[in-house]
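For reference, the structure discussed in these notes is given below.
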There are 2 protein chains.
Amino acid sequence: MTVPLPGSQVRGSQTGKPIMALLDLLGRTWALGIIWNLHSGPATFRELQQRCEKISPTLLNTRLKELKTLALIETKHAGYQLSPQGIDLFEIISPLGRWSSQWAQALKEESKS
Amino acid sequence: MTVPLPGSQVRGSQTGKPIMALLDLLGRTWALGIIWNLHSGPATFRELQQRCEKISPTLLNTRLKELKTLALIETKHAGYQLSPQGIDLFEIISPLGRWSSQWAQALKEESKS
DNA sequence: CACCATGCTACAATATTTGTAGCATGGTTA
DNA sequence: TAACCATGCTACAAATATTGTAGCATGGTG
């Protein structure tokens, strides 16, 4: 799988519209999970593996490379961490935390009736 | 693949925390793309297929079922459309449109230097 | 030098996604 | 009413992605 670089062809778009590149990236297994888990602070490879609970090292490494290429994460002495851009992105999606709770609640209600 | 119902075990979490169920769902190929494309209005199956440019009917159908089970989309006479919850979700992620452009720009600058 | 822990690769087994073909249903139109 | 559509969707094999386990290489520490 090639890195969904904005401007090049990506899944869902011939034109490489940035949003499509982004959706392609975020739609890959574990990409969102990694970003979400990194938000709570830098982590080493093995620690990140644990935060993600069940990711295989192969895939973790693959995603980390992609995310790095796309400047969403970076490596510092402390290990992997969100880049300023990554933080930006996280801030956009962070309301999903709250929203998902309400959603889960609503689904539960619904299944009762 | 089973539907990532909040409360049950999902990819990335034994406990079924809603956010994990959501990230599992959104992390599946095309899930975000479908939501994004539906935002511009209801669509029939075939039309949605075109909006997504390259999705296979098999997968489109699979995702639609999942999204429907999870109450993010619904079917009306006009075809498939976002449910109120789906709209809610879209509103959270809609800033990604703008953000992705800046991001693409930044990546371009960076690759120059 | 033995002993760890860490980052990461190898690789076969498994699961997901694609692509193409086409069936079944429900209108139109002739 | 019968020949046409278009539509929603399924079948299924080929192509890709992901997992899981084992383990190598490197860089500390005692």
Side-chain angles (χ1 to χ4, degrees), chain A residues 1-5 8-14 20-21 23-38 41-70 73-82, chain B residues 1-5 8-14 20-21 23-38 41-70 73-82:
Chain A
M1 228 185 195
T2 56
V3 177
L5 204 61
S8 63
Q9 247 191 260
V10 298
R11 200 162 52 182
S13 166
Q14 309 302 115
M20 287 303 160
L23 294 183
D24 180 357
L25 173 68
L26 298 183
R28 293 178 181 191
T29 308
W30 277 111
L32 274 168
I34 291 173
I35 293 172
W36 196 268
N37 281 314
L38 270 183
T44 62
F45 189 91
R46 296 223 172 188
E47 191 185 336
L48 195 47
Q49 229 179 139
Q50 294 189 322
R51 288 194 197 165
C52 291
E53 292 186 37
K54 273 193 167 347
I55 194 171
S56 71
T58 318
L59 185 60
L60 177 54
N61 191 237
T62 304
R63 285 291 170 274
L64 286 173
K65 275 183 197 157
E66 291 172 3
L67 292 170
K68 211 166 164 184
T69 300
L70 296 174
I73 65 175
E74 54 193 21
T75 40
K76 284 274 163 74
H77 188 63
Y80 294 95
Q81 59 184 259
L82 292 177
Chain B
M1 230 186 195
T2 57
V3 176
L5 203 61
S8 63
Q9 247 190 261
V10 298
R11 200 163 50 182
S13 166
Q14 308 302 116
M20 286 303 160
L23 294 184
D24 181 356
L25 173 68
L26 298 183
R28 293 177 181 193
T29 309
W30 277 112
L32 274 168
I34 291 173
I35 292 172
W36 195 267
N37 281 313
L38 271 182
T44 62
F45 188 91
R46 295 224 173 186
E47 191 185 336
L48 196 46
Q49 230 179 135
Q50 293 190 323
R51 287 193 197 165
C52 290
E53 291 187 36
K54 273 193 166 348
I55 194 171
S56 71
T58 318
L59 185 60
L60 178 54
N61 191 236
T62 305
R63 285 290 170 275
L64 286 173
K65 276 182 196 158
E66 290 171 4
L67 291 170
K68 210 166 165 185
T69 301
L70 296 174
I73 65 174
E74 55 195 19
T75 42
K76 283 275 165 74
H77 187 62
Y80 294 95
Q81 59 185 257
L82 292 177

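Residue numbers start from 1 in every chain, and the chains themselves are labelled A, B, ... in the order their sequence lines are given, proteins ahead of strands.
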Using modelled atom types only, decide if a donor and an acceptor are shared between the side chain of B/Arg51 and the backbone of B/Trp36 within a distance under 3.5 Å.
-> no
Indicate yes or no for a side-chain donor-acceptor contact from A/Glu53 to the backbone of B/Gln14 under 3.5 Å, with no hydrogens or angles considered.
-> yes
Tell me the interatomic distance from [X], atom [atom1], to [N], atom [atom2], rounded to whole angstroms.
X: A/Gln49; N: D/dT18; atom1: CD; atom2: P; value: 16 Å
X: A/Arg11; N: C/dG19; atom1: CZ; atom2: C1'; value: 16 Å
X: A/Glu53; N: D/dT19; atom1: CD; atom2: P; value: 13 Å
X: B/Leu59; N: D/dG8; atom1: CG; atom2: P; value: 17 Å
X: A/Phe45; N: C/dT9; atom1: CZ; atom2: C1'; value: 10 Å

Using a cut-off of less than 4.0 Å, is there contact between a side-chain N or O of [X] and OP1 or OP2 of [N]?
X: A/Asn61; N: C/dG7; answer: no
X: A/Lys65; N: C/dG7; answer: no
X: B/Tyr80; N: D/dC9; answer: yes
X: A/Arg63; N: D/dT18; answer: yes
X: B/Trp30; N: C/dT16; answer: no

Given DNA chain D, 5'-ward residue of the pair A/Lys54 and A/Met1, judged by closest heavy atom | A/Met1
Among D/dG23, D/dT10, D/dG20, the one nearest any side-chain atom of A/Ser56 is D/dG20
Of the listed C/dT18, D/dA22, C/dT6, the closest approach to the A/Arg46 side chain comes from C/dT6
Hey, does the side-chain of B/Thr58 have a donor or acceptor N/O within less than 3.5 Å of a partner on the base of D/dA11?
-> yes
Minimal non-hydrogen separation, B/Thr62 against B/Thr58, with atom names = OG1-O, 2.8 Å
Any side-chain heavy-atom pair from A/Leu26 and A/Ile35 closer than 4.5 angstrom?
-> yes
Please say which of B/Leu23, B/Leu70, B/Thr69 ends up in a side-chain contact (heavy atoms from CB on, under 4.5 Å) with B/Pro4.
-> B/Leu70
First encountered from the 5' end of DNA chain C, between A/Thr29 and A/Thr44 = A/Thr44
